[in-house]
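All values below were derived from every heavy atom in this structure, side-chain atoms included, with hydrogens, water molecules and symmetry-related copies excluded. Order of the sequence lines fixes the chain letters, A, B, ..., with proteins taken first and strands second; residue numbering starts at 1 for each chain.
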Amino acid sequence: MGRQKSTALTLKAMLAESPWFQTLDLAERAQVLQDSYERHLLPGAHAMRCGEPADCWIGVIEGLVKMSVSQPDGRHATLTGVTHGGWAGEGSLLKPGPWRYDGVALRTTRLACVPRYLFEQLVATNLAFNHFLLAHLNARLSLFVGLVEYDRLLRADARVARCLASLFHPTLYPQATPFVQLSQEEIGLLSAMSRQRANEALHELERAGLLRVEFRGVTVLDLPGLRDYPGSEDARATTQPGALAAL
DNA sequence: CCATTAAACACCC
DNA sequence: GGGTGTTTAATGG
C-alpha cells in the first residue's frame with residue numbers, strides 16, 4: 001500500500017475534484033461519497049465488459065482505460081482512452097441494459113465507481129447535473145465526429161496528434177497536465193497503430209515543435225497545433241502524398 | 001509497389 | 001525490467 005505516486009488521488013479527492021460533483025447539494029455529495037467505491041485493476045483487466053450489467057458510472061482515478069469494441073472473429077477497434085480525471089459509461093447507464101463497450105485497463109488502474117441507482121437519481125432530480133451531462137455527452141460526440149474524420153482522412157502522424165489532443169478536452173479530462181503519461185505502446189494502442197509507427201509519428205510531431213518526446217510519456221508544447229496537425233498552410237515541408245500531387 | 005506491422009534486437013532510464 | 005530506438009522479414013492494400 002502506501003505507494004505515493006506523483007498524482008495519486010484518494011477516491012474522495014477524485015470525486016471532489018470532478019466538475020459534476022460541484023453541481024450537487026450537500027446531501028447529494030454526502031450520499032455520493034458514502035456509496036461510491038474504488039476498484040483496482042491490473043493491466044488487461046476489464047473496467048467494463050460488453051454484455052455485462054452496467055451497474056455503475058466509472059471514473060478513472062489513476063491509470064488508463066482503453067474503450068473498445070470487438071467482434072466475434074476477434075478483430076477489435078479502439079474507440080478512445082480514458083485517463084485520470086475522466087468519466088465513462090454514462091452512455092450505457094442512460095438506458096437500461098448491459099455495457100455496450102469494453103473498457104480494458106492498459107496498466108494498473110484505480111477506478112471510482114458511482115452506483116447506477118445514484119447516477120439515475122441525479123439524472124432524475126438534479127438539473128445542474130443534467131447540464132454537466134449534456135456538456136459531457138456533447139464533448140464525447142465531437143470527439144467521435146473527429147474520430148470518423150481522423151480514421152478516414154488522416155495519416156498516422158496526424159492520428160497520433162489528434163489522439164493526444166483529445167486527451168486535453170477540458171470537459172472530458174479536467175485534470176489534464178502538459179505531460180501525458182503514456183508509453184509509446186499505449187499511444188499506439190489508442191491511435192490504432194503499432195508501437196514503432198507511433199514512435200515515428202511522435203518524433204515527427206517533435207520535429208514540428210508540437211511536443212517533446214520523453215521518458216514514458218510526452219510533454220505537449222503546442223496544443224492548438226496538435227489539434228489541427230498537419231495544418232493547411234505550412235505543411236509543405238512534410239511529405240504530403242495524395243492531395244495535391246498533380247501539381 | 002508502398003506502407004505498415006510483428007518480431008527481434010541492443011541500449012538505457 | 002520495462003520503455004525506447006532500430007532493423008528485419010512478412011503482410012496486405
Inset, instruction - Please check if the side chain of His46(A) supplies one atom and the backbone of Met48(A) the other of a donor-acceptor pair under 3.5 Å. - result: no

Inset, instruction - Quickly work out the Glu206(A) CD to dT4(C) C1' distance and round it to whole Å. - result: 13 Å

Legend entry - Minimum heavy-atom distance Ser36(A)-Val32(A), with the two atoms named: OG-O, 2.8 Å

Inset, instruction - Return the value, rounded to whole Å, for the distance between atom CZ of Arg197(A) and atom P of dT4(C). - result: 17 Å

Legend entry - salt_bridge(Glu206(A), Arg212(A)) N-O dist < 4.0 Å: no

Legend entry - Euclidean distance, atom CD of residue Glu204(A) to atom C1' of dG5(C) [Å, nearest integer]: 16 Å

Inset, instruction - Please work out if Gly188(A) contacts a base, only the sugar-phosphate, or nothing of the nucleic acid, heavy-atom cut-off 4.0 Å. - result: nothing

Inset, instruction - Applying side chain to side chain donor-acceptor pair (under 3.5 Å), run through Gln121(A) and Gln31(A) and close with a yes or a no. - result: CA-CA 11 Å; Gln121(A) 174 189 313; Gln31(A) 197 175 6; 3.3 Å; yes

Inset, instruction - Measure the distance from CG on Leu189(A) to P on dG3(C) and round it to the nearest whole Å. - result: 11 Å

Inset, instruction - To the nearest Å, give me how far apart CD (Glu200(A)) and C1' (dT4(B)) are. - result: 9 Å

Inset, instruction - Please check if the side chain of Arg29(A) supplies one atom and the backbone of Gln22(A) the other of a donor-acceptor pair under 3.5 Å. - result: yes

Inset, instruction - Could you verify whether a donor N or O on one side chain and an acceptor N or O on the other, from Glu62(A) and His84(A), lie under 3.5 Å apart? - result: no

Inset, instruction - Of all the heavy-atom pairs spanning Ala156(A) and Met193(A), show the shortest one and how long it is. - result: O-CE, 3.6 Å

Inset, instruction - Give the rounded distance in Å between these two atoms: CD of Gln181(A) and P of dG3(C). - result: 10 Å

Legend entry - Protein-nucleotide distance (Glu185(A), atom CD; dG1(C), atom P), rounded to Å: 18 Å

Legend entry - Plane angle bin for Phe132(A) and Trp57(A) - parallel if under 30°, tilted between 30 and 60°, otherwise perpendicular: perpendicular

Inset, instruction - Output yes when at least one side-chain N/O atom of Asn199(A) is less than 4.0 Å from OP1 or OP2 of dG5(C), else no. - result: yes

Inset, instruction - Verify, without hydrogens or angle tests, whether Arg162(A) (side chain) and Ser191(A) (backbone) share a donor-acceptor contact under 3.5 angstrom. - result: no

Inset, instruction - Report the stems of DNA chain B as range-with-range entries sorted by first number; a stem here is at least three consecutive pairs, Watson-Crick or G-U wobble, both distances under 3.5 Å, and write none if there are none. - result: B:1-9 with C:5-13, B:11-13 with C:1-3

Legend entry - Where protein sits on nucleotides 6-13 of chain B, one letter per nucleotide: B base, S sugar-phosphate only, - none, heavy atoms under 4.0 Å: BBB----B

